[in-house]
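Right, one structure below, let's go through it.
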Amino acid sequence: MRAPHLAPAALLLPFALLLAACGGASRGEAGGGTGSGTDGKGSLTLNVGDQKGGSEALLRAAGELDGLPYKIKWSTFTSGPPLLEAINAGAVDVGAVGNTPPVFAAAAKSKIKVIAGSHSRSDGETILVKKGSPLKRPAQLKGKSIAVAQGSSAHYQLIASLKKAGLTPKDVTLNYLQPADALAAFTRGKVAAWAVWDPYTSQALDQADARVLTTGQGVVNGLSFQVAAPAALDGRKKSAALKDYTGRLRRAQDWVFKHPDTWAEAWAKETGLPDEVALDAVKRTRGTAVAVAVDKAAVASEQRIVDAFAALKLIPRSFDFGTFVDPRFNGDLPPSGTAPRTYGKGH
């Protein structure tokens, strides 16, 4: 049964809780880490940066925190940028982010290394409009106001979608808003469109009278990454723990695809999302991820994001994204272009 239409104020809490919840894409500009417990045993501690409903919840639901031969100390962040700042500072060893936050961090010369990747469907990366909007295609966004979180995966998806439609950011008015504020602006008609990601896409479609103008399919790479501190990779024991940790995440993602209902229920409980919205997001995007190698194709794809933001002067410099990648854990993983999983028609 569909959740009832909620007033904007009622939606703000779960949206705020989920400010960082999509595969680690940049979710904000502020908010530090807060310790949220330790798992495992042993003398070695892996400091893991996480986001609400992220890696910790995923590993716990899949049973991958059982028998952990080292300790994981979890720190929860509200967004991708402060998580990467913590990695740069050496306070965190590893954390999950989407395809765009590493570009902004690397442009700022942060000490980070991308060590693992996953490829998901991009149906949840959307530009939303109200159901009654006259806008039918992206080219009609010219002259319109659009809400988007600066530096997020949605930011690049918007730029790429505008380019595909023959437009540039100068042809529209960008309102840099985080999801809770963007929701309020979208609901009240203060913006004509909202560039956003799952699970916000699923929640807005379910509860905010939204419809999809366009998705990221064919315009974004659908990649997410595990990013580590170089110092953590330099130590033999910690490097071994990182290899084990990324393996557990791969197995957990396999479990999610096979148990979407169980994961959606656990994820909803963790984040405050309505059950059906969580399941929609899992089947649309979150459950479709497949672990892939951080290979030359992935680097080239990320380089295109670097070049796009540099050309628009949205980052301070251009750089070689490959210098921020450590491929040692690629192993026998499939190429980064490997097709994501799918739950079939309608998802």
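Side-chain atoms are counted along with the backbone in the values below, which use heavy atoms only and exclude waters and symmetry mates.
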Check this for me: does any side-chain nitrogen of one of Arg60 and Glu56 sit under 4.0 Å from a carboxylate oxygen of the other?
yes
What are the two closest non-hydrogen atoms of Asp123 and Thr215, and how far apart are they?
O-CG2, 3.9 Å
With side-chain contact (heavy atoms from CB on, under 4.5 Å) as the criterion, how do Asn175 and Thr173 come out once you've worked through the C-alpha distance, each side chain's angles and the decisive distance to 0.1 Å?
CA-CA 6 Å; Asn175 287 262; Thr173 300; 4.0 Å; yes
Indicate, with yes or no, if Leu84 and Val299 share a hydrophobic cluster defined by side-chain heavy-atom contacts under 4.5 Å among Ile, Leu, Val, Met, Phe, Trp and Tyr.
yes
Indicate if Ile315 and Val148 have the same hydrophobic cluster label, given that clusters are the connected sets of ILVMFWY residues with side-chain heavy-atom separations under 4.5 angstrom.
yes
Can any side-chain N or O of Tyr343 pair as donor or acceptor with the backbone N or O of Pro260 at less than 3.5 Å?
no
Decide yes or no for Val306 and Ser318: does some side-chain heavy atom of the first lie under 4.5 Å from some side-chain heavy atom of the second?
yes
Answer whether the closest heavy-atom distance between the side chains of Arg284 and Arg121 falls below 4.5 Å.
no
Is Ser202 close to Glu276 at the side-chain level, that is, under 4.5 Å between some pair of heavy atoms?
no
Measure the CZ-CG distance between Arg211 and Leu213 for me, rounded to the nearest 0.5 Å.
6.5 Å
Are side-chain N/O atoms of Thr76 and Gln51 paired as donor and acceptor at under 3.5 Å?
no
Ala268 versus Ala278, closest heavy-atom pair with distance
CB-CB, 4.0 Å
Polar side-chain atom of Ser122 near backbone of Gln217 as donor-acceptor pair, under 3.5 Å:
no
If Ile, Leu, Val, Met, Phe, Trp and Tyr residues are connected whenever their side-chain heavy atoms lie under 4.5 Å apart, and connections chain through other members, are Leu177 and Ile159 in the same group?
no
Which is it for Asp39 and Lys71 under the salt bridge (Lys or Arg N to Asp or Glu O under 4.0 Å) test, yes or no, and what are the steps along the way?
CA-CA 5 Å; Asp39 283 283; Lys71 292 178 182 176; over 6 Å; no
Step through it carefully: locate the ring centre of Trp255, locate the ring centre of His259, and say whether they are under 6.0 Å apart.
yes
Between Tyr245 and Tyr70, is the ring centroid distance below 6.0 Å?
no
Under the 3.5 angstrom rule, does the side chain of Arg341 hit a backbone N or O of Ala289 as a donor-acceptor pair?
yes
CA sep, side-chain torsions, deciding dist, call: Gln157, Ser153, side chain to side chain donor-acceptor pair (under 3.5 Å)
CA-CA 6 Å; Gln157 189 261 127; Ser153 58; over 6 Å; no
Hey, could you give me the OH/CD distance between Tyr176 and Gln150, rounded to the nearest 0.5 Å?
5.0 Å
Looking only at non-hydrogen atoms, find the nearest pair between Tyr156 and Val220 and report the distance.
CD2-CG1, 4.1 Å
pair Lys243-Arg328: side-chain heavy atoms closer than 4.5 Å
no
Do Phe329 and Leu333 belong together in a cluster built from hydrophobic side chains that touch within less than 4.5 Å?
no
So which heavy atom on Glu302 is nearest to which on Asn221, and how close?
OE2-ND2, 2.8 Å
Closest non-hydrogen atom pair between Arg286 and Pro199, with its separation:
NH1-CD, 4.3 Å
Side-chain contact, heavy-atom cut-off 4.5 Å: Val196 with Thr126?
yes
Can you find a pair of side-chain heavy atoms, one from Val294 and one from Ile115, that are under 4.5 Å apart?
no
Ser145 side, atom OG; Trp194 side, atom CH2 - distance, nearest 0.5 Å
14.0 Å
Do Phe309 and Val114 sit in one hydrophobic cluster, given that two such residues count as connected whenever their side-chain heavy atoms are within less than 4.5 Å of each other, even indirectly?
yes
Side-chain donor/acceptor of His119 to backbone N/O of Leu223, under 3.5 Å:
no
Is it the case that the side chain of Thr187 and the backbone of Ala184 share a donor-acceptor pair, with hydrogens and angles ignored and the cut-off at 3.5 Å?
no
Within the 4.5 Å heavy-atom criterion, are Leu162 and Leu141 side-chain neighbours or not?
yes
When rounded to the nearest 0.5 angstrom, what is the spacing between CG in Asp280 and OG1 in Thr285?
10.0 Å
To the nearest 0.5 angstrom, please state how far the CH2 atom of Trp74 sits from the CG atom of Leu46.
8.5 Å
Minimal heavy-atom distance between Ala192 and Val129, with the atoms involved, is O-CG1, 3.6 Å
Looking only at atom types and distance, does a side-chain atom of Arg250 sit under 3.5 Å from a main-chain N or O of Ala291, one as donor and one as acceptor?
no
Taking CD in Glu265 as the centre, count heavy atoms belonging to other residues, nucleotides or ligands within less than 6.0 Å. Is the count above 12?
no
Is the side chain of Lys111 donor-acceptor paired with the backbone N or O of Ala231 at a distance under 3.5 Å, no angle test?
no
Quick one: sort the Phe225 and Phe321 rings into parallel, tilted or perpendicular, breaks at 30° and 60°.
tilted
List the steps, then state whether side chain to side chain donor-acceptor pair (under 3.5 Å) holds for Asp295 with Ser336.
CA-CA 6 Å; Asp295 54 17; Ser336 59; 2.6 Å; yes
Test side-chain contact (heavy atoms from CB on, under 4.5 Å) on Val227 and Lys113 and set out the steps.
CA-CA 6 Å; Val227 179; Lys113 288 288 184 179; 5.9 Å; no
Given side-chain contact (heavy atoms from CB on, under 4.5 Å), test Leu249 with Gln226 step by step and report yes or no.
CA-CA 10 Å; Leu249 284 170; Gln226 293 293 323; 3.3 Å; yes
Keeping the roles fixed (side chain from Thr271, backbone from Trp267), state whether a donor-acceptor pair exists under 3.5 Å.
yes
Is it the case that the side chain of Asn47 and the backbone of Asp93 share a donor-acceptor pair, with hydrogens and angles ignored and the cut-off at 3.5 Å?
no
Could Asp254 and Lys258 be called an ion pair, given the rule that one side-chain N must be under 4.0 Å from one carboxylate O?
no
May I have the step-by-step check of side-chain contact (heavy atoms from CB on, under 4.5 Å) for Val290 and Val292, ending in yes or no?
CA-CA 6 Å; Val290 58; Val292 295; 4.1 Å; yes
Within-4.5 Å side-chain heavy-atom neighbours: Pro179 and Trp197
yes
Value for CG (Asp171) from NZ (Lys163), rounded to nearest 0.5 Å, stands at 13.5 Å
